Structures are given as structure tokens and as C-alpha cells.
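As C-alpha cells, the structure follows; a few thoughts come after it.
This is a predicted model, so every value here is computed, not measured. Worth knowing before you read on, the calculation uses all heavy atoms, side chains too, and leaves out hydrogens, waters and symmetry mates. Naming: A, B, ... by sequence-line order, numbering from 1 per chain.
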Number of protein chains: 2
Amino acid sequence: MDQDDQYDPSAYPAVAVTVDVVVLTIRADVLHTLLVRRGEQPFEGAWALPGGFVRPDEDLPAAAERELIEETGLGGPVAHLEQLASYGAPDRDPRLRVITVAYLALVPALPTPVAGGDAQHAEWRPVAPLLTDPRLLAFDHAQILADGVERARAKLEYSPLATAFCADEFTVAELRRVYEVVWGTGLDPRNFHRKVTGTPGFLDPVGRVTAGERGRPAELFRAGPAAVLHPPMLRP
Amino acid sequence: MDQDDQYDPSAYPAVAVTVDVVVLTIRADVLHTLLVRRGEQPFEGAWALPGGFVRPDEDLPAAAERELIEETGLGGPVAHLEQLASYGAPDRDPRLRVITVAYLALVPALPTPVAGGDAQHAEWRPVAPLLTDPRLLAFDHAQILADGVERARAKLEYSPLATAFCADEFTVAELRRVYEVVWGTGLDPRNFHRKVTGTPGFLDPVGRVTAGERGRPAELFRAGPAAVLHPPMLRP
DNA sequence: GCAAAAGTGTTGGGAGTACACCCATGA
DNA sequence: TCATGGGTGTACTCCCAACACTTTTGC
């Protein structure tokens, strides 16, 4: 707010501000998002992104993290949480003017099964049908979800974000599955291995290997310190 | 807004929502931004980004475009206007809780001199000193400006956005100056020429050349239809 | 031994860089 | 004719896609 607009709250009717979170994870080699079933009008019974009001003295990232923890039940710091965009069409909520700040979260598969707390009604759902039929989601949440998925796809190229989908320790093949699932493409395992292990700061070797799997044991890695990838991973 | 947060306005005190615009242009081979001088507390007399309250039935992009036109006095559609991010730290405005949705606008040099309308106090200022000393701007506007400049720098790589800084018709050399000024680097004129003319959809030849300049006349181009650049321009 | 998965070597093509060179105009 | 800036040609390098190959396990 600036300059010569006088501060006069009565002249600018109250606007509600909410935070909605696009939570993405990979389950059984399929990209899923966390949805809640609405228990009231409008869109009663429809699926919606988890979210809620921003509290009076709460920062926006804090509100997003709170909503995420409440719905997923996971503890500790979230693997990845970033602001996505804001949505404020005057008619996006028929009750009152609501502007929502959307966040994007990427979490490992099943950090803990979604239950407990006040989120018995939250469920993981595959994203694909939600992108093809926007009417499956309440409000403009299909658009928000689509923007979140596109952001994730784009950021896999130039950031080490794919590791946010993996457990603490993971193999190169698991990381490759992340790229393949999110991008919906196939990648050459040999070239992928060379590329990720050759990108400085992407992966830190743990020094151990997997056991009990079929085939040759794979080396284990953790996410490295790099914030951006040079050179980037390229979508085929 | 979703799920089981009951709608009860009294439980969630009013939040003011504003739109602030980072307007970037190039004047005399220096990157400038549009600033206004605040006429009231807080930060009275300090420089700030142009912006103001979102009106009750106004969409967010419409509010940003309105603010931009009010401050710059330019008519017609804006060359480029995109949402940047939202900022909502509880103490960013000492008077009340204000959440601002920041937009980024890129405009050609001096679309019309900033004057007329209600913006006699708006001025173009070089961005460089504002980035090095955040205290030169009110509120958290230095952070918003820094995010806007970084966004512009990044998007020049993979989008044809640089043309938004140019007039309707421009030469390859003028386009190259845009890259050099925004990135703060030097570029090889020969390779740059080959690259931009060889990227499909980036430039549409007008079929005429400049006259009255020193040296060989340059071919004139308009912005082409491409939305993304394949391959991208690479920062040295 | 055989299948399956991990990891390495090699090669050819395409894009980027550096720089020599030619073209067209004003003074 | 010379200086200035626009535009092209060419060789070198590096990255990446493609694919053959070796290694190490479970069955």
C-alpha cells in the first residue's frame, strides 16, 4: 500500500485472505495430491485443496506450513514448501471476497499415513483426472493444482527439488522414477546416472548400498547442498 | 478457503489487500524502476513502489494494470504484466495487517513521460542503488524490487520477454542492449544476432531497415509469436 | 547359470564460443 | 577513403543422446 490512497478501512470492505496448499507426492509411481472433502456449502461434498484462513499475526509461510501439518499429520520441517501464486477473482467464492495465497509442497511418499489430528477426511488422489476435468475440484482449485504441477515440472529441470519426493536416503533409480513420473516421460538410466552424479552438489554419497533387492545393489545418496543445477536436467 | 474452518468474519479480523507494481524500463542503457514519493506516515517522504488497495469487485490483474496506468499515464495494453509474488509479514505495515500482491511490468523506454493524471510525483529511478541499500525504499519494497529484477533476469533466458522493453519495431542491436543492461554483462554481437534470428518465433522481420544512423543500416523486427525460447538464451 | 538391475565406456551430432571477415553507410 | 556499426563464415569445444558393455546380486 502506498502513496495517496488514504487509509480508510470503511472505504475498502474487508477481504478474507486464505492459504491453500498443493501437496504433491508420488505413490506407486503415480503423482498424487492431498485433497479434503468439503463439509459445507458452497461445493459441499466436493474435493478441495487443504487450506484455511491466515491468522491475524501469522506470516504467510507459517500459515501454509500449519495447514500442511494439520492435514498430513507429518512432524518436523517439511521437505519443500514454496509460494506458488495468488488467486483473487472477485467471484471465486460466492460468499465473500476471498483472496488466496497458494503454496506448493513436495513431500516423500507416505511420510505418515494421512490420519489423526483433524484430518481424518484428507486423502491422496491421483492428479491426472483432476487436470483433465477441472469440475472435479471446488472453487478454482483445479487451476491452482494445474499451476502447482506445472511449477513442479519446471523446477525439476534446474533445481534439486526432485529429492524432496524421496526419503532421506535414496538410490539414483528412485530419483529417476521421480523425474519419469512427474514429467510423464521415460529417461535413459545410464545417462541419467551419469548426469546426476556428475552435477556438483546434487547428491551426497552415503557410502552404503541397498540390500535384499533384486539385481546389483545400488549406492545410497542424500540430497546435496546445491540450490540450482548446473547444468540443468533437460526434459526430452 | 476450505473445509472445516467455519466462515465467521468476526473471528478473522479484516486484512487489507493491496497491489504493488514493479515497473521496469531501460533509459540511457540503465535499468530504471518507477517510484512514488510517500506523502504520509509511515515512511513519509520515502520512495515506494506504486500501488494501492484492491477494489471490492476488481480482479488482481485489473488492479495492477489500473495502478500502472494511473502512475505512468500510458494508454492501451501494457507490454508485459505478470504476477510476481505476495508479501504478508504481519509487521510489514505498522498500521494494520496488509498483504500485498506484487506484479512485474516491463515497458519500453518512456512510453510517455511520467506526468499528468494523478502521478505528478512519480519518477524513474535507477535500480542499482536500490538493490544495494534496501533502506532507500519504504516497507519491504526493496525485497519486492529485488525479486522483480531477479524474475526479469531469469525470464530473459527462456522467454521472448526482452522485446517488452523495446519499441514496436526494433533492431537486433537494440534487443542485445536490453540483455546486456538487464544482465549486466557483455554479449558477442555476432553470436547474439545469429541466435535470436535463428530462434523460431522470436522475431518477425518487418522488411525495412533503419536510416540516418551511423554505419550499415540495421534490419527492423517486431516481437514474434513464440511464448518460450527453444533453445534458451544463456547468461554468460 | 540366468535374469535383473546398477554402473562405465565410447561415439557421433548439435549447439555454443571465439574470432576472422565482408557489407553498407556517414563524414 | 576511413571510421563505424550490421551481418556472415568457420573452426574448436563441450555437452548430450544413443547404445554396447561390465558388475553384482537373487533365484
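At whole-Å resolution of the value, CG in A:L220 and P in C:dA6 are 12 Å apart. Atom C1' of nucleotide C:dA6 and atom CZ of A:R208 are separated by 17 Å, given to the nearest angstrom. Atoms CD (A:E174) and C1' (C:dA6) sit 13 Å apart, rounded to a whole Å. The distance from atom CG of A:L175 to atom P of C:dA5 is 18 Å, rounded to the nearest whole Å. Atom OH in B:Y158 sits about 22 Å away from atom P in C:dA15, given to the nearest Å. Computed from coordinates, the A:L187 CG to C:dG7 P distance equals 16 Å when rounded to whole Å.
Contact of the B:V196 side chain with the B:M233 side chain is registered, since non-hydrogen atoms from C-beta on lie closer than 4.5 Å. By the 4.5 Å heavy-atom criterion applied to side chains, A:P205 and A:T197 are not counted as neighbours. B:R153 places a side-chain heavy atom less than 4.5 Å from the side chain of B:R235. Taking the side chain as every heavy atom from C-beta outward, B:L49 and B:T100 never approach each other to under 4.5 Å.
Nearest-nucleotide assignment on DNA chain C puts the 5′-proximal partner with A:E219, out of B:R214 and A:E219. Along DNA chain D, the nucleotide nearest to A:P217 and the one nearest to A:K195 differ in position, and the one closer to the 5' end is contacted by A:K195.
Within 4.0 Å (heavy atoms only), A:A211 reaches no atom of the nucleic acid at all.
A close approach under 4.0 Å does not occur between any side-chain nitrogen or oxygen of A:H193 and OP1 or OP2 of C:dA6.
The A:R194 side chain lies nearest to C:dT10 when the options are C:dT10, C:dA24, C:dC19. For B:R216, the listed nucleotide lying nearest its side chain is C:dC23; candidates were C:dT25, C:dC23, C:dG7.
Listed for the A:T25 side chain is a donor-acceptor partner under 3.5 Å among the backbone atoms of A:P108.
B:Y87 and B:D147 share a donor-acceptor pair across their side chains, judged by distance under 3.5 Å alone.
Nucleotides of DNA chain D lying under 4.0 Å from heavy atoms of chain B occupy a range whose first and last members, 5' to 3', are D:dT4 to D:dT10.
Below 30°, between 30° and 60°, or above 60°: for A:H141 and A:F139 the angle between ring planes is between 30° and 60°, a tilted geometry.
Residues of residues 221-236 of chain A having a heavy atom closer than 4.0 Å to DNA chain D, listed by number: A:P231.
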